[in-house]
Amino acid sequence: MANPPTYEVHACKYAHLPRKGHEVQIMADPHDADWPMDYFVWVAIPLGEDGRRMIGGRPIVIDTGFSAEVGARRGRKMLRDPAVTLRDLGIEPNEIQDVVITHLHYDHVGGWAMFPKARFHIQDKEMNFVTGRHMTKKTFRHAYEVEEVVAMVRALYGDRVVFHDGDEEIVPGLSVHHIGGHTAGIQSVRIWTRNGWLVLASDASHYYWGLHDEKLFAIVFSVADMLSGYDKLKALAGDRVEMVVPGHDAEVMKRYPASTPELAGWAVRLD
């Protein structure tokens, strides 16, 4: 069977937050190590058989970051507008047609307005979660912004939401996979690259220590699903754990080369 189309994949950093172990882990290390968080938007760009960007190819953005206003209110400063970084990569946000929303937390959906032509790909379970009885509990709803949830409902009524139930292909070489755990409907993204399957975990594993040590992030809907999710992420990458990219680990910016010399410190190429 022929391989699917190949993509180049970039992680675009837009914010940073110092964090200690007790803030990000359940049963944190007693030494309370530093575990800073980077915030990312990702983009997958289709390549032709010659390894160059496909003429007329449609890039797919994964998550949108938070809005500067909401970030500031929550004590998180936007360091670089993701739209600027995307344009520096040759991607025009106004022309993007498909955006995968891994889950509806404020730091993953808050920049939705920068993609006016896009359809948003969301798991059924996530929309059910954010509009259902679980949101009566402050513990579950504190990482959501009601106006952003309402924006996705409006997008739904404007024929701009595509729902997925579990594991589904969006286009050849790029698929979404329900993981659960962190939220009820979180999904990760698998992308075919020149190095094989690359899995963008998003917050199914915030840090490398989730995948490697099966430690639990502090915000969790289901511990059982979070733990089994680590196994699923590895399986999606063909058991090549090095091909799974966590959602917030500052180490990502150190492990991969800069997308371009000018974007050093702001974008890395994951493929």
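For reference, positions follow the sequence shown, starting with 1. Side chains are part of it too, since the values below use all heavy atoms of this structure and drop only hydrogens, waters and symmetry mates.
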TODO: May I ask you to check whether Phe221 and His134 place their ring centres under 6.0 Å from each other?
DONE: yes
Task: Atom pair CG (Leu263) and NE2 (His10), whose distance is rounded to the nearest 0.5 Å - done: 9.0 Å
- [ ] Taking all heavy atoms of Ala204 and all of Ser188, pick out the closest pair and write down the distance.
- [x] CB-OG, 3.6 Å
TODO: For side-chain hydrogen bond (donor to acceptor under 3.5 Å, both in side chains), just list the numbers for Ser175 and His177, CA-CA rounded to whole Å, side-chain angles, deciding distance to a tenth of an Å, and then say yes or no.
DONE: CA-CA 7 Å; Ser175 53; His177 301 267; 2.7 Å; yes
TODO: Classify the angle between the aromatic ring planes of His121 and His164 as parallel (below 30°), tilted (30 to 60°) or perpendicular (above 60°).
DONE: parallel
Task: Check ion pair Arg119-Asp98 (N to O, under 4.0 angstrom) - done: yes
Task: side-chain contact (heavy atoms from CB on, under 4.5 Å) assessment of Arg154 paired with Val149 - done: CA-CA 9 Å; Arg154 289 197 177 103; Val149 172; over 6 Å; no
TODO: For residues Thr193 and Val9, determine if any side-chain heavy atom of one lies less than 4.5 Å from a side-chain heavy atom of the other.
DONE: yes
Open item on the list: Under a 4.0 Å threshold between the charged nitrogen and the carboxylate oxygen, would Arg52 count as salt-bridged to Glu8?
Closed with: no
Task: Closest contact, heavy atoms only, Phe163 versus Glu168 - done: O-OE1, 4.1 Å
- [ ] State, without any angle test, whether Asp38 and His16 hold a side-chain donor-acceptor pair at a distance under 3.5 Å.
- [x] yes
Open item on the list: Tyr7 and side chain to side chain contact (heavy atoms under 4.5 Å, CB included): which single residue from Leu47, Ile191, Ile45 fits?
Closed with: Ile191
- [ ] Please tell me if the side chains of Arg58 and Pro46 come closer than 4.5 Å, counting only heavy atoms from C-beta onward.
- [x] no
Task: Within 45° cone and under 6.0 Å: Arg160 NZ/CZ vs Phe115 ring - done: no
Task: Reported CZ-to-OG1 distance for the pair Arg141 and Thr136, which is rounded to 0.5 angstrom - done: 7.5 Å
- [ ] Could you tell me whether the side chain of Glu126 and the main chain of Gly185 form a donor-acceptor pair under 3.5 Å?
- [x] yes
Task: Considering all heavy atoms, the nearest Leu86-Cys12 contact - done: CD2-SG, 4.2 Å
Open item on the list: Tell me if the CD atom of Glu92 is crowded by more than 12 foreign heavy atoms within 6.0 Å.
Closed with: yes
Task: Polar side-chain atom of His212 near backbone of Trp209 as donor-acceptor pair, under 3.5 Å - done: no
Task: Side-chain donor/acceptor of Tyr14 to backbone N/O of Trp266, under 3.5 Å - done: no
TODO: Quick one: sort the His206 and Phe217 rings into parallel, tilted or perpendicular, breaks at 30° and 60°.
DONE: parallel
Task: Spacing of Phe66 atom CZ and His108 atom NE2 [to the nearest 0.5 Å] - done: 10.5 Å
Open item on the list: Are more than 12 heavy atoms, taken from residues, nucleotides or ligands other than Glu69, located less than 6.0 Å from that residue's CD atom?
Closed with: no
Open item on the list: When you compare the side chain of Asp203 with that of His248, does any pair of heavy atoms fall below 4.5 Å?
Closed with: yes
Open item on the list: Check for me, please, whether Ile62 and Leu270 land in the same ILVMFWY cluster - side-chain distances under 4.5 Å, paths through other members count.
Closed with: yes
Open item on the list: Has His182 got a side-chain atom pairing as donor or acceptor with Ala218's backbone, closer than 3.5 angstrom?
Closed with: no
- [ ] Before accepting this row, confirm whether a basic side-chain N of the pair Asp167/Lys232 lies closer than 4.0 Å to the acidic partner's carboxylate O.
- [x] yes
Task: Lys117 side chain reached by Asn94 side chain, heavy atoms, under 4.5 Å - done: no
Open item on the list: Within this structure, what is the CG-CZ distance for the pair Leu89 and Arg269, rounded to the nearest 0.5 Å?
Closed with: 10.0 Å
- [ ] Could you grab the distance from atom CD1 of Ile186 to atom CD1 of Ile122, nearest 0.5 Å is fine?
- [x] 13.0 Å
Task: For Ser67 against Met78, the heavy-atom pair lying closest together - done: C-CE, 4.2 Å
Open item on the list: Set out, in order, the CA-CA distance, both residues' side-chain angles and the distance that settles side-chain contact (heavy atoms from CB on, under 4.5 Å) for Phe140 and Met135, then state yes or no.
Closed with: CA-CA 6 Å; Phe140 290 139; Met135 291 303 109; 3.8 Å; yes
- [ ] State, yes or no, whether a side-chain contact exists between Thr64 and Val99 at a heavy-atom distance under 4.5 Å.
- [x] yes
Open item on the list: Determine whether Arg73 and Glu145 satisfy the following criterion, side-chain contact (heavy atoms from CB on, under 4.5 Å), listing intermediate values before the conclusion.
Closed with: CA-CA 11 Å; Arg73 175 157 51 77; Glu145 288 284 326; 2.8 Å; yes
Task: Ring centers of Tyr106, Tyr144 separated by less than 6.0 Å - done: no
TODO: Find out whether Tyr230 and Ser205 are in side-chain contact, i.e. whether some heavy atom of one side chain is under 4.5 Å from a heavy atom of the other.
DONE: yes
Open item on the list: For Glu242, is there an ion pair with Lys234 - N to carboxylate O distance below 4.0 angstrom?
Closed with: no
Open item on the list: When you compare the side chain of Phe40 with that of Asp63, does any pair of heavy atoms fall below 4.5 Å?
Closed with: no
- [ ] Report yes or no: is the cationic atom of Arg76 (NZ for Lys, CZ for Arg) under 6.0 Å from the centre of the six-membered ring of Tyr39, at an angle within 45° of the ring normal?
- [x] no
- [ ] Please check if Val153 and Val130 belong to a single hydrophobic cluster, counting links between Ile, Leu, Val, Met, Phe, Trp and Tyr side chain heavy atoms closer than 4.5 Å.
- [x] yes
Open item on the list: Hydrophobic clusters here meaning ILVMFWY residues chained together by side-chain heavy-atom distances under 4.5 Å, can you tell me if Val100 and Phe120 are in one?
Closed with: no
Task: Any Ile179 side-chain heavy atom under 4.5 Å of Gln187 side chain - done: no
Task: Full working for side-chain contact (heavy atoms from CB on, under 4.5 Å) between Asp231 and Glu214 - done: CA-CA 9 Å; Asp231 294 332; Glu214 295 190 338; 4.0 Å; yes
Open item on the list: Parallel, tilted or perpendicular: which one describes the rings of His105 and His103, with boundaries at 30° and 60°?
Closed with: perpendicular
- [ ] Report yes or no: do Val43 and Val245 belong to one cluster of Ile/Leu/Val/Met/Phe/Trp/Tyr joined by side chain heavy-atom distances under 4.5 Å?
- [x] no
- [ ] Decide whether Leu200 and Val162 are clustered together by the hydrophobic rule: side chain heavy atoms of Ile, Leu, Val, Met, Phe, Trp, Tyr closer than 4.5 Å, transitively.
- [x] no
Open item on the list: Any carboxylate oxygen within less than 4.0 angstrom of a Lys/Arg side-chain nitrogen, looking at Asp81 and Arg87?
Closed with: no
- [ ] Grab the two heavy atoms, one from Lys13 and one from Gly265, that are nearest each other, plus how far apart they are.
- [x] CD-O, 3.8 Å
Task: Interatomic distance, Leu233 atom CG to Leu211 atom CG [nearest 0.5 angstrom] - done: 6.0 Å
Open item on the list: Counting neighbours of CH2 on Trp112 that are heavy atoms of other residues, nucleotides or ligands and sit closer than 6.0 Å, is the number greater than 12?
Closed with: no
- [ ] Specify the closest pair of heavy atoms between Met243 and Ala237, including all atoms of both residues, with the distance to one decimal.
- [x] CB-CB, 4.1 Å
